[in-house]
Amino acid sequence: MNLTNFNRNEEFFVDLQRCIGCKACEMACAECETNGQESLISVNYVERSSTIQTTVQVCMHCEDPVCANVCPADAISQDEFGVVHTANTERCIGCSNCVMACPFGVPKKMEEYDLMMKCTMCYDRTSIGKKPMCATVCPSGALFYGTREQIEEMRPNSTPINTFIFGKEVVNTKVNIMMPKGSNELRIY
């Protein structure tokens with residue numbers, strides 16, 4: 001891996017209001033050869049009975065990943081760039097602790113493999129200076145990988161935030177969610 005190509009200034013931004021439900025991101029993710037042809041992100045309806053609004057769910061790559069903290073087999077790791085990797089196939093025991101613990105509901109236990117899998121921010125691509133597959137195909141700009149300056153120019157009325165409050169728990173993430181300008185956190189009740 002050539003870390004000289006890893007651009008530390010590039011970040012992942014998700015603008016949930018821009019998702020149009022096309023699922024191009026899911027298809028691109030499934031094409032990634034390191035995923036075993038499985039999509040590790042998902043597009044979901046917000047409230048199907050009353051709206052056609054969709055949202056995309058990617059791993060938020062928490063600064064202090066609870067999925068890794070609750071893993072009894074030490075199968076989930078976080079690297080020096082803040083990327084939380086999917087479970088190591090040789091260590092994962094398929095217990096699903098990570099699935100139950102993630103506040104964002106991201107890890108999935110793939111029953112056919114008896115293994116937890118999740119988005120790795122296309123580490124095989126981003127570590128060599130390329131963008132994640134999903135961000136390269138998103139036609140609406142709901143998924144963007146670039147610099148903070150680029151996203152601020154593209155979305156002048158929005159602010160990227162990466163602090164989430166779940167009750168009394170504060171979770172900081174590597175991935176940013178676009179919120180109305182001036183926001184500094186997202187409280188989830």
Backbone N/O of [Y] and side chain of [X]: donor-acceptor pair under 3.5 Å:
X	Y	value
Gln78	Cys62	yes
Lys174	Val84	no
Lys168	Ile165	no
Thr86	Lys118	yes
Asn9	Thr147	no
Arg18	Ser140	yes
Arg125	Pro132	no
Lys131	Thr136	no

Linking I/L/V/M/F/W/Y whenever any side-chain heavy atoms sit under 4.5 Å apart, do [X] and [Y] land together?
X	Y	result
Phe104	Leu16	yes
Met133	Val43	no
Met60	Val14	yes

Checklist outcome for this item: Met117 and Leu40 have their tightest heavy-atom pair at CB-CD2, 3.8 Å
Item to check | Closest non-hydrogen atom pair between Met121 and Val175, with its separation | outcome: CE-CG2, 3.8 Å
Checklist entry - Do we see a donor-acceptor contact under 3.5 Å between the side chains of Asn162 and Thr173? => result no
Item to check | side chain to side chain contact (heavy atoms under 4.5 Å, CB included) evaluation trace for Ser42 with Glu26 | outcome: CA-CA 6 Å; Ser42 59; Glu26 285 185 357; 3.8 Å; yes
Next on the checklist: Any heavy-atom pair between the side chains of Pro160 and Ser158 that's under 4.5 Å?
Outcome noted: no
